[in-house]
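All ligand and atom numbering here is 1-based and tracks the order in the structure. Note that the numbering runs from 1 along the sequence shown for the chain.
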Amino acid sequence: MSWTVQDQSFDRERITTNGNKFMTGNGYMGYRGTLEEFGKEQLAAVTLAGVYDQAGGKWREPVNAPNGLFTRLSCNGQQLGVLNTEPERHTQELDIRSAVHKRETVYGLAGGGQLVFTAERFVSMDQLHLLAGKLSINSTVDCRIVIESGIDGDVWDINGPHLHARQEQFVEGVLRSSAVTGELGVSVSVAERTVFSFDAKETAGDSAIRVISFDAKAGETYEWFKFAAVYTGLDAGDNPALLAEQNVRAAEEAGYNRLLEAHRDAWEERWLQSDCMIEGDDAAQFALRYSIYQLLIIAPTGSEKVSIPARGLSGQVYKGAVFWDTEMFMLPFFLHSDPRTARNLLMYRIHTLEGARRKAAEYGFLGAFYAWESQDSGDDACTLFNVNDVFTGRPLRTYFRDKQVHISADVVHGIWQYVIFTGDDTLLTEGGAEVIWECARFFYSYAYYNPVKQRYEILDVTGPDEYHERVNNNAFTNALVKETLEVALKSAELLQAKFPEEFRKLTRQFVDGPFLKEFQTMLDSFYVPQPDSETLLIEQFDRYFQLEEVGLAELKSRVIHKNEYWGGGNGLATTTTILKQADVVLMLNLFKRSYSREVKQANWEFYEPRTEHGSSLSPCIYALVAADIGSPDWGYPYFMRTATVDLTGESKQYVGDLYIGGTHPAANGGAWMAAVLGFAGVQFDGKVLYIKPALPEQWNVVELPLILLGDSFRLRISRNEITVTAATGNRNALALIAFGGERQLCRPGVRLRLQLAGTITADEQQGAL
Ligand code: IFM
């Protein structure tokens with residue numbers, strides 16, 4: 001089974017999408033899948049997690065560091081780069097098992113003969129600040145080679161420049177490039193060392209570039225190594241430049257092979273923890289692994305101050321901002337496979353609570369209204385005019401920032417899921433409970449008590465379907481607000497019982513209310529739109545059913561400009577029932593145990609033809625619900641579409657002249673959810689693990705590791721048989737219900753085999769999983 005993504009030719013048209021497809025990274029930084037000689041025009045970027053800057057009054061965005069792996073080659077004065085010399089052969093590949101990027105390019109030389117250039121690189125998963133590369137040339141004729149190797153400080157920015165007062169130094173063989181960001185004065189330092197063992201002359205080039213020249217003999221391979229390190233003032237205190245320098249010197253000392261080995265070992269561990277195997281469908285297997293790979297390269301394993309932006313670390317698109325995508329689409333993968341990283345993601349929300357409080361206060365509400373587009377401080381990076389009208393060029397008023405209030409409920413949902421999955425309630429005492437209660441207080445102040453209907457309603461919101469803004473009683477939003485109130489009460493009960501002292505301290509700030517009593521009152525008469533008794537349909541929001549019924553094809557035929565915005569004040573979809581992305585169906589997925597199969601099916605069938613899937617967050621939800629209602633083959637195409645989005649590059653790349661491409665972590669997480677929670681039918685409610693598979697036709701088995709309540713398991717799920725293996729070191733027996741049958745207990749060290757027909761076998765295991 002292949003683990004390799006490969007392109008066997010060079011095509012200028014694919015430079016941008018390949019930058020995403022061949023991405024590497026380690027959660028601290030992302031390195032776009034560009035070639036060694038590429039610069040900012042080809043969107044080369046080393047995007048740093050959590051470092052943001054604003055320049056020239058434009059959008060704040062993450063900072064790209066200078067590229068320490070930059071290398072340019074020439075032979076007898078002929079520039080050898082794919083942009084200057086059409087290669088005779090070219091391959092670019094990424095091994096997703098070990099996250100190693102390779103290229104091999106064969107150039108025809110002007111005076112006759114050929115030169116083969118190879119380059120291999122990785123962003124170390126073992127040392128988060130380190131990048132390393134191994135490069136070589138081999139020419140069929142004697143020739144003069146010049147290598148420019150160093151740090152390219154001319155970085156790609158959408159709204160830059162962000163790095164100022166750049167200083168470049170050569171310190172005993174190490175190049176150092178240091179600068180500070182304009183807004184917050186954060187220093188960003190890159191150090192680089194090129195190591196070669198053949199006879200060559202090295203001189204200083206322009207800026208932070210060294211020039212290495214030598215006479216190459218025909219048929220001989222010349223190999224060299226590059227080590228680069230990135231540190232910023234946020235992680236390295238006063239002297240990031242020195243740390244970067246020390247890091248590359250230590251890297252040189254260790255040598256490329258040892259560093260690579262450590263990097264590979266770290267990746268092996270990641271895969272042991274998270275690989276999900278599908279037997280019977282190689283295409284789906286590869287796409288799913290690739291989706292998991294994309295999540296692993298952006299997972300903030302080393303910091304609880306950053307979360308995962310909507311475009312991961314693939315550049316500055318969407319301002320490098322963190323959306324609801326993280327809690328609702330990516331978190332489930334981490335909860336099941338890497339609870340520590342899941343915790344980091346939620347701690348980020350705890351650290352940004354003050355920003356959420358400021359936003360609530362700005363709008364005249366209580367509590368915490370989380371940023372729709374969240375950066376380092378939690379203040380909202382989303383502008384009031386987020387989209388440009390393609391016809392007039394004028395900014396359009398959008399209501400993402402003001403009205404997607406569900407974001408606060410999504411955060412609460414994520415925190416509570418963490419507590420359910422891990423049993424780790426220290427997250428609550430470390431700020432989680434405060435976040436939950438502040439979000440509940442926000443909704444209490446936002447809600448409207450309808451005296452005629454004698455119920456609390458949530459008016460004037462935008463739900464997941466962003467094409468319909470400022471609607472009343474969006475079913476998804478209301479269902480999540482209800483969950484927020486319930487969680488606020490449950491978490492209070494839990495803390496009161498288990499940590500009474502902390503509870504008393506934490507709740508002092510809420511003595512004047514509204515608090516638990518008011519939450520209960522609101523919950524007692526809170527309105528969530530319900531299925532119609534005849535059609536079983538849930539109306540997406542008040543009066544949605546009165547909108548114009550128009551087919552998607554008909555709506556598309558009304559498009560005047562390919563980039564026109566369908567939502568907002570007078571967008572094409574606004575007056576119709578066409579929705580941008582899963583909304584009611586997403587709610588049915590989240591609260592699947594509260595709705596019957598018939599309700600789910602009726603709503604799937606109603607809403608799917610009306611869904612544009614204009615967001616990469618949408619298709620996976622239809623795959624999940626299709627699996628849930630026992631129609632996995634309906635869901636399969638949506639799964640494949642989701643799992644291949646960053647392989648095919650089939651997503652919007654530009655809106656007007658604005659690049660909006662990049663990777664799609666929410667879809668990556670969605671692919672994992674569709675496979676595991678959907679087709680494999682895995683569901684944990686904090687007490688019982690339910691497994692009810694609905695595998696697509698060609699899938700025979702899904703197998704994966706799982707961590708629940710701190711214990712480790714391995715699941716092997718086929719249509720007729722489920723095997724659950726509990727690690728010997730587990731502390732507790734796991735209750736599980738397979739195929740909707742009887743409740744069973746899987747004790748530590750036991751392998752339980754459960755058949756659809758009802759037979760159950762238990763083997764005592766020896767050793768760990
Ligand atoms: O959060 C999403 C939103 O739901 C649809 N537009 C893109 C955002 C970022 O992925």
Given salt bridge (Lys or Arg N to Asp or Glu O under 4.0 Å), test Glu549 with Arg610 step by step and report yes or no.
CA-CA 9 Å; Glu549 271 291 358; Arg610 292 166 178 78; 3.1 Å; yes
Using atom types as modelled, flag every donor-acceptor pair under 3.5 Å from a side chain in residues 580-592 to any protein atom, sequence neighbours excluded.
from, atom 1, to, atom 2, distance (Å)
Lys580, NZ, Glu466, OE1, 2.7
Asp583, OD1, Asn474, ND2, 3.2
Asp583, OD2, Asp465, N, 3.0

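In this structure, Arg289 is not positioned above the aromatic face of Tyr293 in the sense of NZ or CZ being under 6.0 Å from the six-membered ring centre and within 45° of the axis.
Partners of Tyr446 according to the side chain to side chain contact (heavy atoms under 4.5 Å, CB included) rule, which considers only residues two or more places apart in sequence or in another chain, are Phe365, Lys403, Val405, Phe442, Ile458, Asp460, Val461. When the salt bridge (charged side-chain N to carboxylate O under 4.0 Å, His left out) test is applied to Glu438, the partners found at least two apart in sequence or on another chain are Arg357, Arg441.
Atom CZ of Arg340 has 12 or fewer heavy atoms from other residues, nucleotides or ligands within 6.0 Å.
The residues lining ligand 1, counting any heavy atom closer than 4.0 Å, are Ala310, Tyr318, Phe323, Trp324, Asp325, Trp372, Glu466, Lys580, Gln581, Ser615, Leu617.
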